[in-house]
There are 2 protein chains.
Amino acid sequence: MKLSGGVEWAIHCCVVLSKMDGPVPAGKLAGLHDVSSSYLAKQMQALSRGGLVRSLQGHAGGYVLTRPADEISILDVVFAVEGKQPLFVCTEIRQRGPLGTPPEECLAPCPIAKAMMTAEAAWRDSLSTISIGDLARQVSSTSGPEAFQSIQEWFSGAL
Amino acid sequence: MKLSGGVEWAIHCCVVLSKMDGPVPAGKLAGLHDVSSSYLAKQMQALSRGGLVRSLQGHAGGYVLTRPADEISILDVVFAVEGKQPLFVCTEIRQRGPLGTPPEECLAPCPIAKAMMTAEAAWRDSLSTISIGDLARQVSSTSGPEAFQSIQEWFSGAL
DNA sequence: GGAGGGGTACTCGGATAAGAGCTGTCCGAGTATCAATGG
DNA sequence: CCATTGATACTCGGACAGCTCTTATCCGAGTACCCCTCC
């Protein structure tokens with residue numbers, strides 16, 4: 001029970017994209033972070049399907065954020081990469097077995113499922129309060145404001 | 001990225017155990033819920049390793065809760081079955097690549113990891129506020145107080 | 001009648017296969033750029 | 001000198017294997033009960 005590693009990559013890429021002017025191809029994002037180019041491309045495709053980024057094909061193509069960074073929450077990224085399926089899925093155990101409760105009596109949700117859903121909602125709420133813009137500002141204050149400028153220059157100079 | 005299905009089984013078993021007098025073998029718990037006996041045994045072993053239940057071997061053996069139901073939170077069960085490893089693991093991407101931040105400058109935790117950890121803490125906090133005893137009381141009020149008595153009788157009569 | 005010993009049946013515990021999902025890779029479809037050519 | 005046209009190189013997108021983790025199963029180790037035997 002572990003979150004996909006691609007989530008971390010995707011968030012980092014979104015933060016970087018939020019500070020770049022033009023489109024950035026997946027290959028350069030992979031080179032910057034020293035990760036598999038092909039696999040990161042897969043994550044970017046997920047972001048594209050989720051509507052978080054827009055893909056530009058052709059010579060000077062790449063990915064661009066579709067919305068302002070402050071309007072993209074971490075939850076959006078997690079949903080795009082991992083899917084919206086909840087962590088806990090109730091299989092209605094109470095209805096099974098020789099003493100199972102008949103379905104017509106199961107009006108209220110199973111208390112166990114309810115508790116798990118409440119906790120999951122707390123998790124999602126916490127993720128939805130933090131935006132890509134917030135993260136970018138925090139990175140600027142910790143790693144220095146010139147960090148993103150160096151990245152942009154590296155993208156231009158390219159390897 | 002889905003929680004192990006065994007978690008649901010384990011919680012249900014803990015709730016049932018909290019209302020039983022004597023030890024209950026894993027086979028009967030499996031029969032009650034109509035799930036794989038062998039696989040549920042594995043989950044019970046995890047609970048035993050986690051110190052939540054005590055195993056009694058021999059003819060009239062089985063599993064018994066080690067603590068009062070009100071002192072066992074759902075989080076304890078999740079930790080016992082899934083392990084205490086966090087959902088999100090930071091691989092320190094910021095240190096990798098040509099523009100990676102040197103380790104000696106990474107004093108503060110990565111903002112991205114920090115945000116994920118905060119959300120995870122909210123999830124765990126929510127889980128830790130609900131005990132097995134709470135769930136048992138909710139089941140009694142929704143499914144009727146006689147439900148657990150029927151189960152106890154079914155365990156005695158056995159199949 | 002009571003105590004001791006052996007057998008039996010039941011329990012847990014860990015070691016062992018099958019399946020699904022994540023990780024990683026490849027090649028084809030599409031498009032903007034650039035250069036060459038003709039007017 | 002400018003517009004058109006073709007080639008080119010670069011991009012994304014989805015289809016294809018390898019591997020780890022979850023799911024499912026089995027058999028051996030250990031223990032309490034029960035019955036039989038002996039005193």
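Predicted model only: the values in this text are computed from it and were never measured. Hydrogens, waters and symmetry mates are skipped; everything else that's a heavy atom, side chains included, is used.
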Only counting residues at least two apart or in another chain, list the ones meeting side chain to side chain contact (heavy atoms under 4.5 Å, CB included) with B:Lys42. B:Tyr39

Mind grabbing the angle between the end helix axes of the helix from C:dG1-D:dC39 to C:dG39-D:dC1? Five pairs an end, 10° rounding. 10°

Sub-4.0 Å heavy-atom contacts from residues 39-49 of chain A onto DNA chain D, ordered by number: A:Lys42, A:Gln45, A:Ser48, A:Arg49

Determine the contact category for B:Ser55: base if any of its heavy atoms lies under 4.0 Å from a base atom, sugar-phosphate if only primed atoms, P, OP1 or OP2 are that close, otherwise nothing. sugar-phosphate

Within residues 73-81 of chain A: residues closer than 4.0 Å to DNA chain C (heavy atoms): none

Between the CD1 atom in B:Ile130 and the CD1 atom in B:Ile74, the distance rounded to the nearest 0.5 Å is 4.5 Å

Atom CG of A:Leu107 and atom OG1 of A:Thr101: how far apart are they, to the nearest 0.5 Å? 11.0 Å

Using atom NZ of B:Lys2 as one end and atom C1' of C:dC22 as the other, report the distance to the nearest whole Å. 13 Å

Taking side chain to side chain contact (heavy atoms under 4.5 Å, CB included) as the definition, give me every residue that meets it alongside A:Gln95, ordered by chain and number, with sequence neighbours left out. A:Glu92, A:Pro103, A:Cys106

Going by the rule side chain to side chain contact (heavy atoms under 4.5 Å, CB included), which residues pair with A:Leu3 if we only count those two or more places apart in sequence or in a different chain? A:Val7, A:Glu82, B:Met1, B:Phe88, B:Met116

Heavy-atom contacts under 4.0 Å between residues 86-99 of chain B and DNA chain D, which residues? none

Do the side-chain N and O atoms of A:Asp125 and A:Ser128 include a donor-acceptor pair separated by under 3.5 angstrom? no

Starting at NE2 of B:His12, measure out to SG of A:Cys110 and round the result to the nearest 0.5 Å. 4.0 Å

Side-chain contact check for A:Ser36: nearest option of C:dC12, C:dT25, D:dA24 is C:dT25

Kindly write out the residues that satisfy side chain to side chain contact (heavy atoms under 4.5 Å, CB included) with B:Thr118, not counting sequence neighbours, or none if the list is empty. A:Ser126

B:Met44 to B:Val53 - nearest heavy-atom pair and separation: O-CG2, 4.1 Å

Does OP1 or OP2 of D:dT25 have a side-chain N or O of B:Ser37 closer than 4.0 Å? no

Pairs where residues 43-70 of chain A contributes a residue and the test ring pair (Phe, Tyr, Trp, His ring centres under 6.0 Å) is met, not counting sequence neighbours: none

Is a side-chain N or O of A:Thr66 found less than 3.5 angstrom from the main chain of A:Gly51, in a donor-acceptor match? yes

Report all side-chain donor-acceptor pairs from residues 13-24 of chain B shorter than 3.5 Å, counting only partners two or more places apart or in another chain.
residue : atom : partner : partner atom : Å
B:Ser18 : OG   : B:Val15 : O            : 2.6

Find the distance B:Glu8:CD to D:dT23:P and express it as a whole number of Å. 11 Å

Over all atoms of both residues, closest heavy-atom pair of A:Pro109 and A:Arg94: C-NH2, 3.7 Å

Mind checking whether A:Leu56 and A:Leu29 sit in one hydrophobic cluster, side chains of I, L, V, M, F, W, Y counted as touching below 4.5 Å? no

Residues two or more places apart in sequence or in another chain: which of them pass side chain to side chain donor-acceptor pair (under 3.5 Å) with A:Glu71? none

Rounded to the nearest 0.5 Å, what's the gap from CG on A:Leu47 to OG on A:Ser55? Could you check? 11.5 Å

At a cut-off of 3.5 Å, list every protein nitrogen or oxygen paired with a nitrogen or oxygen from nucleotides 4-11 of chain C, distance to 0.1 Å.
residue : atom : partner : partner atom : Å
C:dT11  : O4'  : B:Gly58 : O            : 3.0

Hey, does B:Gly5 reach any base, or is it just sugar-phosphate, or nothing, if we go heavy atoms under 4.0 Å? sugar-phosphate

